Student: 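Here you go, one structure.
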Amino acid sequence: MQKQILSGCEAVARGAWEAGVRVAAAYPGTPSTEILENLGAFASKPPAAYSVGDGLYATWANNEAIAAEIAYGASVGGSRALVSMKHVGMNVAADAIFSGAYAGVNGGLVIVCCDDPGCYSSQNEQDNRLYAPHAKLIMLEPSDSQETLDFTKAAFELSETYDLPVMVRMTTRVCHSKSIVTLGERVAQPVRAYVGDRAKYAMLPANAKKRHVIVEDNLARFKRDLGDSLAQFTKSESASNAEGNGTLVITSGMSYMHVKEAFGDSVAVMKLGVTFPLSEKLLRDTARAFDRVCVVEEGEPYLATAISAMGVDAAAPSFIQGELSAARVREAFGVGSTPLFAMPEQSAPANEAPPRPPVMCAGCPHRGFYYALSRRKGKYVGVGDIGCYTLGVNAPFNGIDMCICMGSGFSIPIGLSKALEAQGDTRKVFGICGDSTFFHSGYSSLVDAVHQRANVCLVVLDNSITAMTGHQENSGTELHLMGYDVPKISIESMILATGLPRERLLIVNPLNLEETGAAIDAAISNSDGVTVIITKYPCALLKESIKARGTRHCEVDADVCVGCKMCMRAACPSLAFDAPRRHAYIADTQNCTACGLCRQLCKVGAIKEVA
Amino acid sequence: MATGILFTGVGGQGTILTTRLLSNALAELGYDVKMSEIHGMAQRGGTVNTQLRYGERVYAPNIGEGEADFVVAFEKAEALRALPYLKRGGTVLTDEREIYSMPVLLGQAAYPHNWIADNREYNVTVIPAQEIAGKLGNARDANIVMLGAVAKLLKIEINIPARFSVKAYEAGKEAV
């Protein structure tokens with residue numbers, strides 16, 4: 001058997017592939033993105049484009065709801081299907097998932113959702129385990145990559161056996177940690193016949209009421225089997241010494257690893273692989289043998305609440321905020337602390353490391369737009385969205401005041417502009433989205449803004465890729481995840497289709513400050529209705545961009561430079577200032593793209609492009 | 001007991017790749033290996049941390065404060081930032097390279113050029129990894145030089161995949 005070190009995300013992809021998944025869809029989102037990227041690598045290659053054959057069709061979708069619906073359609077049609085998303089993506093997909101669960105499946109349907117306790121790359125710490133009982137999904141929680149692979153495979157079987165979608169719930173630490181996995185082989189699954197069954201799949205009120213009864217029955221049947229034919233999902237480990245066997249720790253997922261790290265084999269542990277539905281019988285019977293029961297879980301008190309509702313008296317320290325660790329577990333149970341930093345021979349260092357916040361890359365086209373916008377302080381209020389350009393919130397640009405979720409960058413301005421108008425604030429509200437966010441949900445907000453004649457400026461920062469999550473294709477790119485050409489959808493045509501007057505759509509090169517500034521000024525002076533600005537310039541990190549610029553970069557002529565630091569206002573990571581010699585210089589010629597922004601800011605012509 | 005190594009650097013330096021190469025090598029030697037590579041906002045020039053733990057049986061993939069046997073830094077100030085993770089008596093290995101963050105470039109924060117000299121009680125080994133790699137032909141191989149140095153510290157031998165510079169790896173071993 002071949003062994004490999006896989007991340008949790010890679011293990012999901014591998015497990016789904018081995019289980020014979022035929023259709024997989026997702027919208028990118030950290031920490032879930034690599035699932036579809038890796039499935040894409042398994043997928044059928046051209047010329048099999050569009051045809052599934054014995055292989056796999058893997059695709060990015062414009063948002064999580066669409067991805068879930070693509071997977072759902074494939075499941076009803078008889079194929080094993082998978083959809084993956086980050087935790088907040090589940091909010092977007094929830095409508096499809098909730099009612100889809102009533103209808104049930106045909107081919108196994110697996111929903112992988114990746115939570116982010118610790119907010120490593122997210123706007124909140126929501127605990128999606130709470131979705132499982134709400135949406136009526138069987139929930140599996142793997143704790144390492146081997147289990148992720150095994151659970152993903154099992155999830156398809158369970159889905160088909162119990163006629164329910166199965167949710168595989170992961171966290172950043174499961175998704176992005178790597179451990180040793182034994183690989184299996186792909187087992188081809190025959191496509192199940194598609195049989196039109198309106199009573200099952202058409203969720204009109206009369207059918208939905210009946211399906212609600214069936215879905216509860218299916219969950220009850222699964223719950224009965226949990227302590228019996230599905231016993232392999234629950235792992236009970238006794239303590240290595242007798243006194244340890246007085247205490248039982250109930251846990252799941254990555255929390256299990258922290259418990260084992262903290263206590264080793266000194267306490268008995270019940271690790272739940274299935275965390276919805278829970279088997280009361282199983283939990284009560286196991287807990288009965290112990291003097292003391294503890295629940296250790298990262299996030300919301302989900303297990304603790306359910307277990308105490310069963311009448312089991314369990315201690316449950318709260319780890320509701322932040323990521324769990326072995327040290328936090330030890331501390332909560334008062335069993336010694338980790339060798340923390342207070343060390344006699346190693347006092348805290350006298351120096352301090354300077355902050356290193358993430359920044360827009362050298363050559364990033366967003367920098368030009370934000371620079372131009374920031375020169376018009378007091379004339380606008382910026383509303384951001386989710387993407388690289390969210391970094392425009394930071395100094396020195398401070399280009400946006402708020403940012404909550406995908407697509408909101410184009411809808412918040414509608415309401416905000418009304419509220420500002422009500423208090424005589426004449427600043428123009430600017431909504432700022434990227435191309436991928438535009439396709440995700442920004443467009444429907446834009447349609448509303450135009451339709452309502454909102455007095456706002458909406459900006460699409462089009463860098464031709466979904467950049468923040470690591471360059472995934474979207475509807476504005478010509479390439480499909482599976483490597484073949486697809487029609488590129490025109491953002492410009494979509495916007496003009498709303499009936500927005502042609503002169504209210506301004507398309508600019510964001511690295512041309514004069515052109516971009518003029519468009520921003522025009523938008524500020526328009527006093528009614530929507531102005532749209534599209535900034536068009538590809539991401540500096542795209543392979544094509546890197547190839548196109550070759551070795552071109554900028555140089556500062558130290559003899560011409562007067563040390564005025566105007567160029568430093570670009571806040572470019574490639575540009576530095578030599579304070580003793582009082583001149584700017586390109587500190588990183590490898591990453592400087594010769595984008596020309598600093599050159600435009602220089603009043604004395606000290607910056608030149610060189611090959 | 002598992003051995004913990006915390007790798008730290010700046011986005012784009014190859015921190016994750018280096019940790020993966022070491023993970024594979026340790027797995028080939030028969031160890032249980034777990035590695036955490038949290039990324040996302042960490043790209044785009046921010047700090048990147050990866051954590052590797054190996055031993056007979058490894059549970060948690062991450063390293064808490066005071067739990068790292070080794071801190072391996074691809075940038076000097078990042079070594080300083082990672083010190084709270086170091087176990088008492090643990091070893092720091094760092095490239096002498098300095099990369100200035102935006103607050104330093106904007107003059108809002110000072111770069112701690114002399115932190116190693118100011119904190120002699122720490123066991124810090126400094127090697128000019130980027131300089132060595134540059135002399136061998138490609139400054140971007142600095143991470144492979146660092147990997148060689150780590151191999152020496154861990155007393156293991158790593159079979160470097162063909163697409164990486166064996167010369168850089170060997171030079172790293174000689175640098176410590």
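As the structure is a prediction and not an experimental result, all values here were calculated from the model. Both backbone and side-chain heavy atoms feed into the values below; hydrogens, waters and symmetry mates do not. Protein chains get the first letters and strands the later ones, always in sequence-line order, with residue 1 at the start of each.
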Student: Which region of Ala77(B), side chain (C-beta onward) or backbone (N, CA, C, O), has a non-hydrogen atom less than 4.5 Å from a non-hydrogen atom of chain A, or is it both or neither?
Tutor: both

Student: Any donor-acceptor pair under 3.5 Å linking the side chain of Arg53(B) with the backbone of Gly4(B)?
Tutor: no

Student: I need the residue from Pro103(B), Ala2(B), Ala109(B) with the largest number of non-hydrogen atom pairs under 4.5 Å to chain A.
Tutor: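 Maximum pair count with chain A is reached by Pro103(B).
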
Student: Pick one of side chain, backbone, both or neither for Leu52(B), based on which atoms fall under 4.5 Å of a heavy atom in chain A.
Tutor: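 Neither; nothing under 4.5 Å.
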
Student: For chain B, which candidate among Ser179(A), Ala262(A), Ser325(A), Pro31(A) shows the most heavy-atom pairs at distances under 4.5 Å?
Tutor: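 Most heavy-atom pairs under 4.5 Å with chain B: Ser179(A).
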
Student: Is it the backbone or the side chain of Gln51(B) that comes under 4.5 Å from a heavy atom of chain A, or both, or neither?
Tutor: side chain

Student: Using atom types as modelled and distance alone, determine if a side-chain donor or acceptor of Tyr389(A) lies under 3.5 Å from a backbone N or O of Ile386(A).
Tutor: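 Such a contact is found between Tyr389(A) side chain and Ile386(A) backbone.
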
Student: When only pairs under 4.5 Å are counted, which of Ser143(A), Ala395(A), Pro355(A), Cys364(A) shares the most heavy-atom pairs with chain B?
Tutor: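 Among the listed options, the one with the most contacts to chain B is Pro355(A).
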
Student: Parallel under 30°, tilted from 30 to 60°, perpendicular over 60°: which one fits the rings of His583(A) and Tyr585(A)?
Tutor: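 Perpendicular: the ring planes of His583(A) and Tyr585(A) meet at over 60°.
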
Student: Evaluate Ser122(A) against Asp116(A) for side-chain hydrogen bond (donor to acceptor under 3.5 Å, both in side chains), listing each step before the verdict.
Tutor: CA-CA 7 Å; Ser122(A) 307; Asp116(A) 190 17; 2.6 Å; yes

Student: Is it the side chain or the backbone of Asn394(A) that comes within 4.5 Å of chain B heavy atoms, both, or neither?
Tutor: neither

Student: Quick test of your reading of the model: are Glu170(B) and Lys167(B) salt-bridged, counting only N-O distances below 4.0 Å?
Tutor: no

Student: Does Lys87(B) come within less than 4.0 Å of Glu65(B), counting only side-chain N to carboxylate O?
Tutor: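 Result for this pair is no, no salt bridge flagged.
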
Student: Examine Tyr169(B) together with Phe164(B) and report whether their ring centres are nearer than 6.0 Å.
Tutor: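 Aromatic pair excluded; centres sit 6.0 Å or further apart.
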
Student: Below 4.5 Å, heavy-atom pairs only: which of Ala353(A), Ala576(A), Pro396(A) has the largest tally toward chain B?
Tutor: Ala353(A)

Student: Side chain, backbone, both or neither: which part of Asp144(A) has a non-hydrogen atom closer than 4.5 Å to chain B?
Tutor: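 The side chain, not the backbone.
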
Student: Spell out the residues in residues 54-64 of chain B that have some non-hydrogen atom less than 4.5 Å away from a non-hydrogen atom of chain A, in order of number; otherwise answer 'none'.
Tutor: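 Listed by number, the contacting residues are Tyr59(B), Ala60(B), Pro61(B), Asn62(B).
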
Student: Report which part of Cys572(A) has an atom under 4.5 Å of a heavy atom belonging to chain B: side chain, backbone, both, or neither.
Tutor: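 Just its backbone gets close to chain B.
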
Student: If I measure from the heavy atoms of chain A, does Glu98(B) come under 4.5 Å with its side chain, its backbone, both, or neither?
Tutor: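 No part of Glu98(B) comes within 4.5 Å of chain A.
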
Student: Is Glu147(A) salt-bridged to Lys271(A), cutoff N-O under 4.0 Å?
Tutor: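 Salt bridge present between Glu147(A) and Lys271(A).
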
Student: Between Arg173(A) and Glu323(A), is there a side-chain N and carboxylate O pair less than 4.0 Å apart?
Tutor: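 Salt bridge flag = yes for Glu323(A) with Arg173(A).
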
Student: Arg356(A) side chain to Ile99(B) main-chain N or O, any donor-acceptor pair under 3.5 Å?
Tutor: yes

Student: In Å, rounded to the nearest 0.5 Å, how long is the span from CD1 of Ile160(B) to CG of Asn24(B)?
Tutor: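 Ile160(B) atom CD1 to Asn24(B) atom CG measures 10.5 Å (nearest 0.5 Å).
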
Student: So which of Pro354(A), Ala571(A), Ala579(A) has the largest heavy-atom pair count under 4.5 angstrom toward chain B?
Tutor: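 It is Pro354(A).
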
Student: Sort out for me which of Lys3(A), His258(A), Gln4(A) touches chain B most, counting heavy-atom pairs under 4.5 Å.
Tutor: His258(A)

Student: Quick test of your reading of the model: are Lys260(A) and Glu237(A) salt-bridged, counting only N-O distances below 4.0 Å?
Tutor: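 Looking at Lys260(A) and Glu237(A), the cut-off is met.
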
